[in-house]
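Structure first, commentary second.
Start at 1 with the first residue, then count along the sequence.
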Amino acid sequence: MRSLIMAAAISLAFTLFLTPVFLRLFRKWGWGQVIRTPEAIENPSHEAKRGTPTMGGVIFILGTLVGYFTGVFVGGGVPSVSALLLIWVMIGFGAVGFIDDYMKVRSQRSLGLSGWRKIIGQLLVMVPFGIVALNFPNRSGQTPASGAVSLFRDIPWLNLFVFGLIGGWILYLVWISVIGVATSNSVNLTDGLDGLAAGAGILVVTSYGLIAFRQFQQSCVGESIEKAAIGGCYEVRDPLDLAVIAAAFAASLIGFLWWNAPKAKVFMGDVGSMSIGGVITALAILTRTELLLFVIAGVFVLSSGSVILQRAYFKITRGKRLFLMSPFHHHLEMRGWSEVTIVVRLWIIAGLLAVSAVGLFYVEWLTRVS
């Protein structure tokens, strides 16, 4: 518990008080936001955002690292394999986003990495993650991830390795890669209004932190088994460490949101949105709640889903639009909603979905122990 509080406090202080220092550096380096011409035409208010310091995701990534490692070492522990895997995805996805952002800033055009190059970069992160996550068992034989699809815990009849070793590995790597690519790109699509992705990310990651902490309290490993009711314990490796790093990341985002809230003094850029997606992906896989991701991160699903529906409807109807503009939050802008109204109401929806997901997680536990 001391590590968790320490990690969150340091990460919060880092982004809250040091962001202005980073902003001076970003301005010096010319890291200003590039606005697409069509976006500026359809949403004139976005033109005013041109030149605002971007790539702010670097700040909360660093804040998370400083907070987590300080909290762990002060608490007398060492980083776990699960936490290191999460850090790998956070930095890896952030690096893909950083390259995309840097290309845009350097050329002063909205064209960075192509879609397929982003996906290739994300796969180069997810495949090593998946391989390592099915190795390094602890004393109880638990690996960071499992070869089964999960909801509140592993679903036994959805074990991907039932198709054999080679088939199982292929299906497993495809499955986690789809989760990673879809989640990171969904967060990236949501990052279109000041504070929207950051605020929703705080709610989602905090919820996963609560889930991981609950799994620690009801762990099937060690002394905690005495606290766990029969049939209700969780076979998750390093749940406390996952809760610590989730707390550090959420706190780092809170400090960043102080400067990112409307009217934003800094944008997170793709480096930030993709790292948020990476953290959420890793938490879903490592806490073995992959399918629950669709509920807990429902606001991000809404953004990507609206884009998919828009494109499908456009092709089917040969030119007609389902929404005035996608993702969905831009549709609301075109309907005349103010930016602050859209952001706050989507935060409320994100909070309701996150609370619902955590509630479902707890109710599932109750059904097993009652």
I'd like to check the ring-ring contact (aromatic ring centres under 6.0 Å, His included) partners of Tyr362; sequence neighbours left out, ordered by chain and number.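 For Tyr362 the ring-ring contact (aromatic ring centres under 6.0 Å, His included) partners, ignoring immediate neighbours, are Trp365.
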Identify, with sequence neighbours excluded, every residue that meets ring-ring contact (aromatic ring centres under 6.0 Å, His included) alongside Phe60.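 For Phe60 the ring-ring contact (aromatic ring centres under 6.0 Å, His included) partners, ignoring immediate neighbours, are Phe249, Phe256.
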Listing request: all salt bridge (charged side-chain N to carboxylate O under 4.0 Å, His left out) pairs with a residue in residues 165-186, at least two apart in sequence or in separate chains.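 Of all non-adjacent pairs touching residues 165-186, none passes salt bridge (charged side-chain N to carboxylate O under 4.0 Å, His left out).
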Keeping to residues at least two apart or across chains, list the salt bridge (charged side-chain N to carboxylate O under 4.0 Å, His left out) pairs with something in residues 274-297. Asp154-Arg288
Cluster companions of Val307 among Ile, Leu, Val, Met, Phe, Trp, Tyr (side-chain spacing under 4.5 Å):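 Same cluster as Val307: Leu189.
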Run through the side-chain heavy atoms of Ile, Leu, Val, Met, Phe, Trp and Tyr, join any pair under 4.5 Å, and report what else lands in Val174's cluster. Ile166, Ile170, Val178
Those residues that, when tested against [X], pass side chain to side chain contact (heavy atoms under 4.5 Å, CB included) (two or more places apart):
{"X": "Lys315", "answer": "none"}
{"X": "Ile99", "answer": "Met103, Leu113"}
{"X": "Leu134", "answer": "Thr143, Ala145, Phe161, Trp169, Tyr172"}
{"X": "Leu309", "answer": "Leu322, Phe323"}

I'd like to know if Val244 and Val78 are part of one continuous hydrophobic network [Ile/Leu/Val/Met/Phe/Trp/Tyr, side-chain heavy atoms within less than 4.5 Å].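 Cluster IDs for Val78 and Val244 differ.
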Can you list every pair that meets ring pair (Phe, Tyr, Trp, His ring centres under 6.0 Å) and has a residue in residues 68-101, with sequence neighbours left out?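 Listed by first then second residue: Trp31-Phe98.
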Pairs touching residues 113-154 that satisfy ring pair (Phe, Tyr, Trp, His ring centres under 6.0 Å), sequence neighbours left out: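 As it turns out, there is no ring pair (Phe, Tyr, Trp, His ring centres under 6.0 Å) pair with a partner in residues 113-154 once direct neighbours are skipped.
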Once rounded to the nearest 0.5 Å, what's the spacing between atom CG of Leu193 and atom CD of Glu339? 5.0 Å
Ala197 and Ile276: which non-hydrogen atoms are nearest, and at how many Å?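 Minimum heavy-atom contact is O-CD1, 4.3 Å.
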